[in-house]
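Note on naming: letters A, B, ... go to the chains in the order of the sequence lines (proteins, then strands), and numbering restarts at 1 for each one. Quick caveat, the model's predicted, so the values are computed rather than measured.
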2 protein chains.
Amino acid sequence: MTGDEERDVERIQARAERADTNLFGRMAAIYAASRKQAQDLLQVGGGISIVEWRTIWDLHEVGPMTISDLALTQRTDHSQLSRALPQMRQKGLVSMRQAAQDGRQTIVTLTDKGRDAYHLAAPIMGRRRAVLADVFTAAEIAELVGYLDRFETFVRLPAEDILSKEKIE
Amino acid sequence: MTGDEERDVERIQARAERADTNLFGRMAAIYAASRKQAQDLLQVGGGISIVEWRTIWDLHEVGPMTISDLALTQRTDHSQLSRALPQMRQKGLVSMRQAAQDGRQTIVTLTDKGRDAYHLAAPIMGRRRAVLADVFTAAEIAELVGYLDRFETFVRLPAEDILSKEKIE
DNA sequence: AGAAAATATATGACTTGTCACGTATTTATT
DNA sequence: AATAAATACGTGACAAGTCATATATTTTCT
């Protein structure tokens with residue numbers, strides 16, 4: 001008796017609940033929330049973007065890398081780095097030079113200023129991982145990662161494979 | 001002995017492997033792949049966008065809904081719907097009218113043409129869920145969803161909570 | 001050596017998502 | 001009843017992804 005004849009509140013409620021178990025929708029919402037949390041934390045940690053943080057972190061851990069290396073370790077498209085790096089260079093966080101061995105490659109190196117930015121953001125992002133570790137045991141993380149591996153294999157199936165695949169076994 | 005003195009290939013490799021267990025990075029890559037798979041499938045299923053598919057699906061399942069209802073069941077921001085719906089109306093997929101009980105609300109209804117679009121896309125998206133069900137048992141999905149629930153709770157913690165939270169227990 | 005194929009990067013166009021803010025309408029308070 | 005607070009929606013601005021295509025450089029093949 002809501003007096004609302006235009007929409008069926010109960011069915012809407014039921015639909016929202018069913019959507020909770022829809023992996024695809026959940027993944028979207030969770031990723032968006034995760035991204036926002038990272039952005040908020042990085043706002044505190046020096047005001048850098050997520051792409052910038054990932055890049056600084058990678059460079060700090062492994063030393064100079066090419067743009068493709070960065071794209072590979074970040075599992076992202078190189079275009080994202082192509083766009084972010086010139087700005088980072090302008091901010092003085094990284095330097096870039098053409099590789100001597102292979103003129104197609106660009107070697108990206110962390111500057112001292114970039115190192116400072118790393119040391120500003122790192123404790124904050126480390127805090128995040130520490131809190132995560134309070135909430136999940138290492139074994140649970142491993143199990144979750146195992147599920148994610150399998151889910152990733154699935155979502156990377158080409159559309160044709162999904163459509164052609166008849167129930168096999 | 002790669003002859004490459006400018007970058008440390010082994011460390012890059014090691015870094016990429018360590019990144020595999022970084023939940024945050026994994027989530028981003030997996031969601032992106034999932035989205036692309038959906039886009040590819042929908043390209044076959046009538047050429048609608050993901051937002052359009054979600055909306056048509058919801059409306060088909062529950063009947064007329066307000067924009068806020070749609071945002072709620074889709075766990076997304078209402079602005080996304082505010083932008084998509086006028087286009088959908090123009091394509092003839094939905095109709096919209098001001099709610100009688102509450103003049104602020106917009107009641108969105110699936111048209112016959114929208115129903116056709118649903119019946120075009122639904123088998124394809126259903127195929128996807130069927131293949132998923134081949135790869136994961138219901139119990140596994142439930143467990144994964146359980147993990148995702150916990151992970152979502154975590155990523156929805158405000159940044160201040162992360163930063164202020166001292167190791168408690 | 002020369003031609004063809006592969007690779008690295010840049011760039012334009014697009015989708016999905018967020019937030020903040022403005023306006024209209026309802027609901028709650030005094 | 002009048003005012004204040006809450007809610008629904010539209011819209012501008014931005015971040016983070018994707019793809020396709022163009023160009024420069026290497027590598028491979030004949």
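Nearest heavy-atom pair across I124(A) and L163(B) is CG2-CD2, 3.8 Å. When all heavy atoms of D77(B) and S79(B) are compared, the pair lying nearest together is OD2-OG, 2.6 Å. Here the closest non-hydrogen pair linking W53(A) and A122(A) is CH2-CA, 3.7 Å. When all heavy atoms are compared, the tightest approach of G45(B) to A121(B) is O-CB, 3.5 Å.
When rounded to the nearest whole Å, the span between CD of Q87(A) and C1' of dA10(C) equals 14 Å. Rounded to whole Å, atom P of dT16(C) lies 8 Å from atom OH of Y31(B). Between the C1' atom of dT15(C) and the CG atom of L42(B) lies a distance of 12 Å, rounded to the nearest Å. In this structure, CG of L81(B) is placed 11 Å from P of dT16(C), rounded to the nearest angstrom.
Across R35(A), Q37(A), K36(A), a single residue satisfies side-chain contact (heavy atoms from CB on, under 4.5 Å) together with V155(B), and that is Q37(A). When the options R89(B), R83(B), K91(B) are evaluated for a salt bridge (charged side-chain N to carboxylate O under 4.0 Å, His left out) with E52(B), the one that passes is K91(B).
Only T66(B), I67(B), S68(B), listed by number, bring a heavy atom of residues 47-68 of chain B to less than 4.0 angstrom from any atom of DNA chain D. Shown for residues 18-27 of chain B: no residue has heavy atoms falling under 4.0 angstrom of DNA chain D.
Separating the OH atom in Y118(B) from the OG1 atom in T111(B) is a distance of 15.0 Å, to the nearest 0.5 Å. With rounding to the nearest 0.5 Å, the separation of CG in D102(B) from CZ in R7(A) is 9.0 Å. For the atom pair OG (S68(A)) and CD1 (I12(B)), the distance works out to 10.0 Å, reported to the nearest 0.5 Å. Considering CD1 of I67(A) and OG1 of T106(A), their distance stands at 4.0 Å, rounded to 0.5 Å. Rounded to the nearest 0.5 angstrom, M88(A) CE and K113(A) NZ are separated by 11.5 Å. Rounded to the nearest 0.5 Å, atoms CD1 (I162(A)) and CG (L132(B)) are 8.5 Å apart.
Between chain A and DNA chain D, the heavy-atom contact criterion of under 4.0 Å yields a 5' to 3' nucleotide range of dA15(D) to dT26(D).
At least one donor-acceptor pair closer than 3.5 Å links the side chain of T55(B) to the backbone N or O of V51(B). No donor-acceptor pair under 3.5 Å is formed between the side chain of E6(B) and the backbone N or O of P64(A).
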Practice task
Treat primed atoms plus P, OP1 and OP2 as sugar-phosphate and everything else as base, then score nucleotides 18-29 of chain C 5' to 3': B for base contact with protein heavy atoms under 4.0 Å, S for sugar-phosphate contact only, - for none.
Solution key: BB-----BS---

Can I get a per-line list of side-chain donor-acceptor pairs under 3.5 Å for residues 16-25 of chain B, giving both atom names and the distance, sequence neighbours left out?
residue: E17(B); atom: OE2; partner: Q13(B); partner atom: NE2; Å: 3.1
residue: D20(B); atom: OD1; partner: R75(A); partner atom: NH2; Å: 2.7
residue: T21(B); atom: OG1; partner: R18(B); partner atom: O; Å: 3.0
residue: N22(B); atom: OD1; partner: F24(B); partner atom: N; Å: 2.9
residue: N22(B); atom: OD1; partner: G25(B); partner atom: N; Å: 3.2

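Each end of the helix from dA1(C)-dT30(D) to dT30(C)-dA1(D) gets its own rotation axis from five pairs of C1' atoms, and the angle between them is 20° to the nearest 10 degrees.
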